[in-house]
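Nothing fancy with the numbering, it's 1 onward along the sequence.
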Amino acid sequence: MNFFKSADFTGQRPWDALPIATIEGASVQLHWSDQPYIWHENDGAEVFVVMEGEVVMKSRVAKASGDWDVREQLMKAGDICHAASGDHHVAHPLGPARMLVIEKVGSV
């Protein structure tokens with residue numbers, strides 16, 4: 001049995017990850033960052049949990065005009081986001097934050 005304290009992990013660069021486990025094709029990783037990630041679309045579902053800090057999760061939906069409708073949700077410690085396969089999203093930490101991410105092995 002292994003135990004992890006999210007507060008003890010600080011990456012060397014934004015979005016460094018501490019691998020926690022691989023469970024039936026899903027990776028569980030603790031991420032640290034103080035910088036935004038990149039806009040991306042997962043090829044599978046993702047569960048994103050803010051462990052410490054605050055993160056603005058941005059999502060976008062294509063409009064008929066071809067533009068994007070961007071939505072923002074402030075996430076605090078303990079908040080959970082489920083991004084379905086095909087959802088366009090990006091995480092913007094507000095200062096240093098630690099996030100637990102569960103997704104298909106090999107997802108971006």
May I ask you to test the Glu54-Leu74 pair for a side-chain heavy-atom distance under 4.5 Å? yes
Do Val49 and Val101 sit in the same hydrophobic cluster, where Ile, Leu, Val, Met, Phe, Trp and Tyr count as joined when their side-chain heavy atoms come under 4.5 Å apart? no
Would a hydrophobic clustering, with Ile, Leu, Val, Met, Phe, Trp and Tyr connected at side-chain separations under 4.5 Å, put Val70 with Val90? yes
Which atom names give the shortest non-hydrogen contact between Pro19 and Gln29, and what distance separates them? CA-CG, 4.2 Å
At their closest point, which heavy atom of Leu18 faces which heavy atom of Phe9, and how far apart are they? N-CZ, 3.7 Å
Donor-acceptor pair, Glu72 side chain versus Val56 backbone, under 3.5 Å? no
So how far is it from Tyr37 OH to His92 NE2, rounded to the nearest 0.5 Å? 12.5 Å
Look up atom OG in Ser85 and atom CD in Glu46, then write down how far apart they are to the nearest 0.5 Å. 11.0 Å
What are the two closest non-hydrogen atoms of Arg71 and Val61, and how far apart are they? NH1-CG2, 3.7 Å
Would you check if Trp68 and His88 make a side-chain contact, meaning some heavy-atom pair closer than 4.5 Å? yes
Would His40 and His89 count as a close aromatic pair, with their ring centres under 6.0 Å? yes
For residues Lys58 and Trp39, determine if any side-chain heavy atom of one lies less than 4.5 Å from a side-chain heavy atom of the other. yes
Within the structure provided, determine whether Ile20 and Phe4 are in side-chain contact (heavy-atom separation under 4.5 Å). yes
Close side-chain approach of Asp87 and Asn42, heavy atoms under 4.5 Å: no
Do you know which two heavy atoms are closest between Lys76 and Val50, and how far apart they sit? O-CB, 3.5 Å
Would you say Met99 ends up clustered with Ile23 if hydrophobic residues are merged whenever their side chains have heavy atoms under 4.5 Å apart, either directly or through other cluster members? no
State, with a plain yes or no, whether a side-chain heavy atom of Trp15 is found less than 4.5 Å away from one of Pro93. yes
Ion pair present between Asp16 and Arg13, side-chain N to carboxylate O less than 4.0 angstrom? yes
Rounded to the nearest 0.5 Å, the CE atom of Met51 sits from the NZ atom of Lys5 at a distance of 12.5 Å
Here the pair of heavy atoms bringing Ala91 nearest to Val55 is CB-CG1, 3.8 Å
Considering all heavy atoms of both residues, which atom of Pro14 and which atom of Asp34 are nearest to each other, and what is their separation? CG-OD1, 3.9 Å
If I take atom CD1 from residue Ile102 and atom CZ from residue Phe48, how far apart are they, to the nearest 0.5 angstrom? 11.5 Å
Is there side-chain contact between Cys81 and Gln73, with at least one heavy-atom pair below 4.5 Å? no
pair Arg98-Thr10: side-chain heavy atoms closer than 4.5 Å: yes
